[in-house]
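Okay, so here's the structure we're looking at.
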Amino acid sequence: MRRDASRRKQVRVGSRVAFVLGVREVTGTVIEDRGLLAVGRKRLWRVQLDWKVVAEPVEIEIPESQLRIAV
């Protein structure tokens, strides 16, 4: 099975994920599957970050290839 295919089975709305943002790794919760919108028809996910120091929730769209399931 291809690596992308196994990742797709793991990442779902509600999944806890981690990825690199700038120079640090951050975590968040997947809140929306945006579909095949990225360059090369890659799947985008909307993730709400776990930043408690800001008043409003921070959301980001990120390609599936940059996400991994958080432990």
Side-chain angles (χ1 to χ4, degrees):
M1 183 183 308
R2 289 187 25 221
R3 181 177 166 172
D4 291 339
S6 73
R7 177 174 298 159
R8 212 175 359 262
K9 288 182 179 179
Q10 294 175 356
V11 176
R12 291 184 165 76
V13 173
S15 295
R16 301 269 309 130
V17 294
F19 58 96
V20 175
L21 183 63
V23 295
R24 68 171 30 166
E25 185 170 88
V26 297
T27 59
T29 304
V30 174
I31 59 173
E32 183 181 3
D33 178 353
R34 299 284 289 139
L36 302 174
L37 299 175
V39 174
R41 292 191 42 86
K42 296 192 178 172
R43 187 167 301 280
L44 281 181
W45 297 92
R46 181 177 290 278
V47 176
Q48 184 173 342
L49 302 180
D50 294 336
W51 288 354
K52 308 244 187 266
V53 296
V54 294
E56 297 292 322
V58 177
E59 298 176 0
I60 187 170
E61 289 183 359
I62 188 157
E64 183 173 56
S65 62
Q66 295 181 19
L67 295 176
R68 68 173 181 77
I69 297 296
V71 180

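None of the values given here were measured: they were computed from a predicted structure.
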Starting from L49, can I reach I31 by hopping between I/L/V/M/F/W/Y residues whose side chains sit under 4.5 Å apart? no
If the condition is side chain to side chain contact (heavy atoms under 4.5 Å, CB included), which residues does P63 pass it with, not counting sequence neighbours? L44, S65, Q66
With sequence neighbours excluded, what pairs up with E59 under the salt bridge (charged side-chain N to carboxylate O under 4.0 Å, His left out) test? R46
What's the separation between atom CH2 in W45 and atom CD in E32, rounded to the nearest 0.5 Å? 10.0 Å
L67 reachable from W51 in the ILVMFWY side-chain graph, under 4.5 Å edges: yes
Can you get from L37 to V30 by hopping between Ile, Leu, Val, Met, Phe, Trp and Tyr side chains that sit under 4.5 Å apart? no
List the atom pairs, with distances to 0.1 Å, where a side-chain N or O of residues 15-26 and a protein N or O form a donor-acceptor pair under 3.5 Å, not counting sequence neighbours.
unit_1	atom_1	unit_2	atom_2	d
S15	OG	Q10	O	3.3
S15	OG	R12	N	2.9
S15	OG	R12	O	2.9
R16	NH1	G28	O	3.2
R16	NH1	T29	OG1	3.2
R16	NH1	D50	OD1	3.4
R16	NH1	D50	OD2	2.7
R16	NH2	D50	OD2	2.7
E25	OE1	R68	NH2	2.8
E25	OE2	R68	NH2	3.2

Minimal non-hydrogen separation, R41 against L36, with atom names: NH2-CD1, 3.1 Å
